[in-house]
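Below is one structure, written out as structure tokens; the observations come after it.
All of these numbers come straight from a predicted model, not from anything done at the bench. Proteins get letters first, then strands, A, B, ... in listed order; numbering begins at 1 in each.
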Amino acid sequence: GAGVSQSPSNKVTEKGKDVELRCDPISGHTALYWYRQRLGQGLEFLIYFQGNSAPDKSGLPSDRFSAERTGESVSTLTIQRTQQEDSAVYLCASSLEGYVGEQYFGPGTRLTVT
Amino acid sequence: AQSVTQLGSHVSVSEGALVLLRCNYSSSVPPYLFWYVQYPNQGLQLLLKYTTGATLVKGINGFEAEFKKSETSFHLTKPSAHMSDAAEYFCAVSGPGGGADGLTFGKGTHLIIQP
């Protein structure tokens, strides 16, 4: 069956450029999450969507980061003016509303800022 | 705020030996606890979770974990390691809003299986 998909799988960009990362959740999953995984670190929670609403954006690392979601489907995470410290794997997960913790993760997008 | 500590960034065991991966948490509310596994070049997969009820929970691939409130621990075990168990394992705790707050993850433990 279809799982969570993310694109691109790898992205190399120059410092200062903008990047857009995409996540397609499992159909019917109303909740969507973005995480960042730096090398040798655990996952860092960035933002959560319930439907197309993100009630709390305080987890985003800086104002260069933004995210949006169209209805209960695709979400995009945009990083403006990328910096080298943005290099990481960005993971997306989705879950059924109210189903605690059963988050299904995508394979991630590996972002390298040179 | 929640936090998760995984003791040992790398754990090496022989094939057939007991696997023990340690996880301690802090939470201001009754926690929901999870173990995820990440195989090379794959996404995270839920191994098992504790929400309420029985404190010993069984997951996939023969893994189990026991929630010990007095020790604030949720260690992961498997009686007999298999080569296919080699992977990165993450312990996580959910926020007070349940799944809506996202998960707080530990830094992960890389499990190495020696033949």
Would the number of heavy atoms belonging to other residues, nucleotides or ligands and lying under 6.0 Å from [atom1] of [X] be above 12?
{"X": "A/Leu39", "atom1": "CG", "answer": "no"}
{"X": "B/Gln42", "atom1": "CD", "answer": "yes"}
{"X": "A/Glu14", "atom1": "CD", "answer": "no"}
{"X": "B/Leu7", "atom1": "CG", "answer": "no"}

TODO: Treat each ILVMFWY residue as a node, draw an edge where side-chain heavy atoms are under 4.5 Å apart, and state whether A/Ile47 and A/Leu111 are in one component.
DONE: yes

Open item on the list: Need one label for A/Leu43: side chain, backbone, both or neither, based on atoms under 4.5 Å from any heavy atom in chain B.
Closed with: both

Task: Region of A/Gln37 that comes under 4.5 Å of a non-hydrogen atom in chain B - done: side chain

Open item on the list: So, taking the atom named CD in A/Gln103 and the one named CG in B/Leu103, what distance separates them when rounded to the nearest 0.5 Å?
Closed with: 4.0 Å

Task: Test item: A/Tyr35 side-chain N/O and B/Phe105 main-chain N/O as donor-acceptor pair under 3.5 Å - done: no

Task: Which atoms of B/Gln6 approach chain A - backbone, side chain, both or neither, heavy atom under 4.5 Å - done: neither

